[in-house]
Engineer: 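For reference, the structure I am asking about is given below.
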Amino acid sequence: MDILEGLNPAQREAAETIEGPLLILAGPGSGKTRVITHRIAYLVKVVGVNPRRIMAVTFTNKAAREMRDRLQVLLAGSVEHLSLGTFHAICAGILRRDGQAMGLNPKYAIYDDEDQLNLIKRSLQDLGIDPKRYPPKTFQNAISSAKSQLITPEEYAQRSRSYFDEVVRRTYEQYQVLLAQSQALDFDDLLMKAYQLFANHPDVLSKYQSRYLHLLIDEFQDTNITQYALARQIAEKNRNICVVGDPDQSIYSWRNADLRNILNFEHDYPEAKVVYLEQNYRSTKTILEAAHEVVSVNKDRKENALWTDNEEGTPLRVVETFSESEEAQFVVSEVASLLDQGEAKPIDCAVMYRTNAQSRALEEAFVRYGMPYQVIGSVRFYSRREIKDVIAYLKLIYNPWDSVSLARIINVPPRGIGQKTIDELQQWTKGLGLPLYTGLQRLAEDKSCSPLSARSTQALIGFFTMIEELTRKSQEVNVVELLDAVLQSSDYKEYTLELPDGDDRWENILELRGIASEYKDLKLPEGLTLFLEGVSLFSDTDELDEKKDVATLITLHQAKGLEYPVVFIVGMEEGVLPHIRSFDDPAQMEEERRLCYVGMTRAKKRLYLVRALRRSLMGGTNANPASRFLKNIPSHLVQSTGLFGEEPKAAPAPKPDGPDLSAGDHVEHPKFGKGVVVSCTPTRDDQEVVVVFDGVGIKKLLLSLAQLKRVE
DNA sequence: GCCTCTGGATTTTTT
DNA sequence: ATCCAGAGGC
């Protein structure tokens, strides 16, 4: 039996090269996943490597789960011992097991963005920084970016160049103090602390280095500096590190992914072998060529020789509609007609868009038509308020130091503990140098030491007693029973049902309960540990159901790694795709182009590129010109459809004085000089024009007032 | 302390 | 258009 049977020569080489560093450059649809799974199977079955000595890192949990499923088939068991997961999940495990060497509580909490932002706000408060002048989000980004490059607060201080840098440094420092007090790590910490653990504790590092004979990293183009450093640490001893990626599909620089990782790889591992997977098995020649034309405009890029044996296929369809609702209507009616002709089933169709907000119009049309669909991740399950509240209870029971969870639920449902009480409590515990929870404990032991009114004190003690009781219970019941106890003693059910959309919210909680029941056979606290870890690291693509016969609505980012016979990319407009925020940065513009490329290469048979002449945004309406990416697709690959739908009957707005402008036009203004029109938005009886003036910047002008002249 | 109202800001993508 | 924070009334 040959485990590598059916692989093409390049794929085979990639799977068989197991000694030393290996870089696999894998274009879209080139059978990358197949290569990875077969490589692991080859290592285990042919070379005889024990699965526990292999670590495979994926980009999402879903990818990890799929790979495990596939390996289960190839290997028939013994897959459990394989270390397989995202960097975050793998690091979470390492820190849970060995973090004590660096003084980390194994029951550390994991903070997501929202928790993180809450704690940053508190840091700003502690430092007396005005969140109006300095938006907390800015700090969140700065801190995350620092951690993704292994920059500690001390190092940040050394690099600090401006006053603003200094403010960031102080916030970063204080934020870390609060995290430590809460015995919590944020997402970036999971990676950075694991790195530091290895860097400062050679014994721990050596344990992992000896264990992992083979390290494999997928989606390498989307790793950040810290992840790369971690990989280097783990692979240092055996140097069997295999990375798989495609620079053209790098779309996560905003999450601090760094393309230098791929470029540095051959530098850091000069003995590395490089394998190119260039045969595409997914798309038609037409789709592949069009996608290539779009991405090859990028300057910062290495040319590749992606090709396919597949048929020419049908031409791309480029479709214009009047409005976003007609855009949605077109999509649904086209799906319906493909269904009628027996060309496709709903499950074969995906609609992709740049921003989640765009899913709404689509969803309406699908509902109206009665076309079955699923939306991926528009409102993330785990960021729903009710879910976060219930989880906060569990997190607090698990780790009473977790101040963010404590603050979240101390008065939810309302139990007479207002902001003032919380502030005073905080003041008091701070003075005593105690964590909040210990402060509550002290109150409960001796009411008379309370600095607060009897009423507030009683409310606090009531809350504390409830949590204590639940904590006691958590020793003897499973996760579901604990969750039920939380709902019971907090009256959360009654509270939720009172809220707007109460029934839906309650449904969500029941769904969470269902997820918890998957952990009910595990002993506590381990069951709770794993449940909370799973919940914290869960991602949205995880909820994608690939078996239900429904169409999929999904962002371009989330679509990475997926494929569909029929793909619609909507919002092919300047300002949407490419997104307006990328206009002033060529590197970001290149990323938008790659994003478009990723979307196009998801399609196997049919690809539709759709745009709306008018799109409502933030209340107003925008008229966006066609996406520049459309212009890069050779016309012989395209069948253009004229306008879809009827022109809206509404009387056209009276034309204001001034030239007839559209985005891209060059204009001149008496005061601001020359510039380029970014967008035109009709208002009630005028037009708002956004112009980028040379050397002046972006200005919003009213067409009737601004004396704009059109120039060539 | 809690609820409601208003004004202001805000929209990219997510482990 | 929608969400959020802060203010003010009960």
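Within every chain, numbering begins at 1; the chains are lettered A, B, ... in the order of the sequence lines, protein sequences first and strands thereafter.
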Engineer: B:dT15, B:dT14, C:dT2: which one has an atom nearest the side-chain heavy atoms of A:Q558?
Structural biologist: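 Nearest listed nucleotide: B:dT14.
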Engineer: In chain order, what residues pass the salt bridge (Lys or Arg N to Asp or Glu O under 4.0 Å) check against A:D115, with sequence neighbours excluded?
Structural biologist: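 Scan of A:D115 (salt bridge (Lys or Arg N to Asp or Glu O under 4.0 Å), adjacent residues dropped) gives A:K388, A:K395.
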Engineer: Assess whether a salt bridge exists between A:D491 and A:R415, defined as any Lys/Arg side-chain N lying under 4.0 Å from an Asp/Glu carboxylate O.
Structural biologist: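 Result for this pair is no, no salt bridge flagged.
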Engineer: Using whole Å, report how far CG of A:L191 lies from P of B:dT14.
Structural biologist: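 It is 18 Å, rounded to the nearest whole Å.
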Engineer: Given atom CE of A:M589 and atom C1' of B:dT13, what is their separation to the nearest angstrom?
Structural biologist: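 In whole Å, B:dT13 C1' lies 15 Å from A:M589 CE.
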Engineer: Take atom CZ of A:F59 and atom P of B:dT13, then tell me their distance rounded to the nearest Å.
Structural biologist: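 It is 14 Å, rounded to the nearest whole Å.
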Engineer: Take atom CG of A:L595 and atom P of B:dT13, then tell me their distance rounded to the nearest Å.
Structural biologist: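 In whole Å, B:dT13 P and A:L595 CG are 11 Å from each other.
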Engineer: For the pair made of CD in A:E114 and C1' in B:dT14, what is the distance, rounded to whole Å?
Structural biologist: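 Computing the A:E114:CD to B:dT14:C1' distance gives 14 Å.
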Engineer: How would nucleotides 1-11 of chain B be written as a contact map, 5' to 3', with B for base contact, S for sugar-phosphate-only contact and - for no contact, using protein heavy atoms under 4.0 Å?
Structural biologist: SS--------B
Engineer: So what does A:R594 touch, heavy atoms closer than 4.0 Å: a base, only the sugar-phosphate, or nothing?
Structural biologist: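 No contact at all - A:R594 keeps every heavy atom at 4.0 Å or more from the nucleic acid.
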Engineer: Within residues 84-99 of chain A, find the residues that approach DNA chain B with a heavy atom at under 4.0 Å, and present them sorted by residue number.
Structural biologist: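 Those residues whose heavy atoms fall under 4.0 Å from DNA chain B, taken from residues 84-99 of chain A in numerical order, are A:T86, A:H88.
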Engineer: In chain order, what residues pass the side-chain contact (heavy atoms from CB on, under 4.5 Å) check against A:P247, with sequence neighbours excluded?
Structural biologist: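 Listed in chain order: A:L25, A:L259, A:I262.
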Engineer: Has A:R360 got a side-chain N or O lying under 4.0 Å from the OP1 or OP2 atom of C:dT2?
Structural biologist: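 So the side chain of A:R360 is within the cut-off, an N or O lying under 4.0 Å from OP1 or OP2 of C:dT2.
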Engineer: Could I get the full list of ring-ring contact (aromatic ring centres under 6.0 Å, His included) partners for A:Y492, not counting sequence neighbours?
Structural biologist: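 Once residues adjacent in sequence are excluded, the partners of A:Y492 under the ring-ring contact (aromatic ring centres under 6.0 Å, His included) criterion are A:Y495.
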Engineer: Looking at residues at least two apart in the chain, or sitting in another chain, which of them share a salt bridge (Lys or Arg N to Asp or Glu O under 4.0 Å) with A:D98?
Structural biologist: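 Only A:K207 meet the salt bridge (Lys or Arg N to Asp or Glu O under 4.0 Å) criterion with A:D98.
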Engineer: In this structure, how many angstroms lie between the C1' atom of B:dT13 and the OH atom of A:Y252, rounded?
Structural biologist: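 That distance rounds to 7 Å.
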Engineer: Under 6.0 Å between the ring centres of A:F59 and A:Y252?
Structural biologist: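 Ring centroids of A:F59 and A:Y252 are less than 6.0 Å from each other.
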Engineer: Would A:E324 and A:R360 pass as an ion pair if we require N to O under 4.0 Å?
Structural biologist: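 Salt bridge between A:E324 and A:R360, a charged N being under 4.0 Å from a carboxylate O: no.
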Engineer: Under 3.5 Å, which N/O atoms of the protein pair with N/O atoms of nucleotides 5-10 of chain C?
Structural biologist:
none

Engineer: Closer than 4.0 Å, any side-chain N/O of A:T60 to the OP1 or OP2 of B:dT14?
Structural biologist: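 Answer is no, no contact under 4.0 Å.
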Engineer: For A:E563, what residues pass the salt bridge (Lys or Arg N to Asp or Glu O under 4.0 Å) criterion, not counting sequence neighbours?
Structural biologist: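 With sequence neighbours excluded, A:E563 shows a salt bridge (Lys or Arg N to Asp or Glu O under 4.0 Å) to A:R282, A:K604, given in chain and number order.
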Engineer: B:dT15, B:dT14, C:dT2: which one has an atom nearest the side-chain heavy atoms of A:N356?
Structural biologist: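 The closest nucleotide is B:dT14.
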Engineer: Please report the distance, rounded to the nearest Å, between CG in A:D186 and P in B:dT14.
Structural biologist: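 Taking atom P of B:dT14 as the reference, CG of A:D186 is at 19 Å.
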Engineer: NE2 of A:H557 versus P of B:dT15: gap in Å, rounded?
Structural biologist: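 Taking atom P of B:dT15 as the reference, NE2 of A:H557 is at 11 Å.
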Engineer: Can you name the salt bridge (Lys or Arg N to Asp or Glu O under 4.0 Å) partners of A:R68, sequence neighbours left out?
Structural biologist: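 Testing A:R68 for salt bridge (Lys or Arg N to Asp or Glu O under 4.0 Å), a comparison that skips the adjacent residues, returns none.
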Engineer: Give me the distance, rounded to whole Å, that separates C:dG6 from B:dT11 when you measure between the C1' atoms they each carry.
Structural biologist: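 Each nucleotide's C1' atom is 22 Å from the other's.
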Engineer: Has A:W254 got its ring stacked on the base of B:dT13, with centres under 5.5 Å and planes less than 30° apart?
Structural biologist: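 Yes, A:W254 stacks on the base of B:dT13, since the ring centres sit under 5.5 Å apart and the planes are within 30°.
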Engineer: The criterion is side-chain contact (heavy atoms from CB on, under 4.5 Å); which residues satisfy it with A:I94, sequence neighbours excluded?
Structural biologist: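 A:I94: side-chain contact (heavy atoms from CB on, under 4.5 Å) contacts with A:I90, A:R97, A:L197, A:F198, A:Y208.
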Engineer: Suppose we screen for side-chain contact (heavy atoms from CB on, under 4.5 Å). Which residues come up paired with A:D423, at least two apart in sequence or across chains?
Structural biologist: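 Here the qualifying residues are A:Q419, A:Q426.
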Engineer: If the condition is side chain to side chain donor-acceptor pair (under 3.5 Å), which residues does A:K447 pass it with, not counting sequence neighbours?
Structural biologist: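 For A:K447 the side chain to side chain donor-acceptor pair (under 3.5 Å) partners, ignoring immediate neighbours, are A:Q458.
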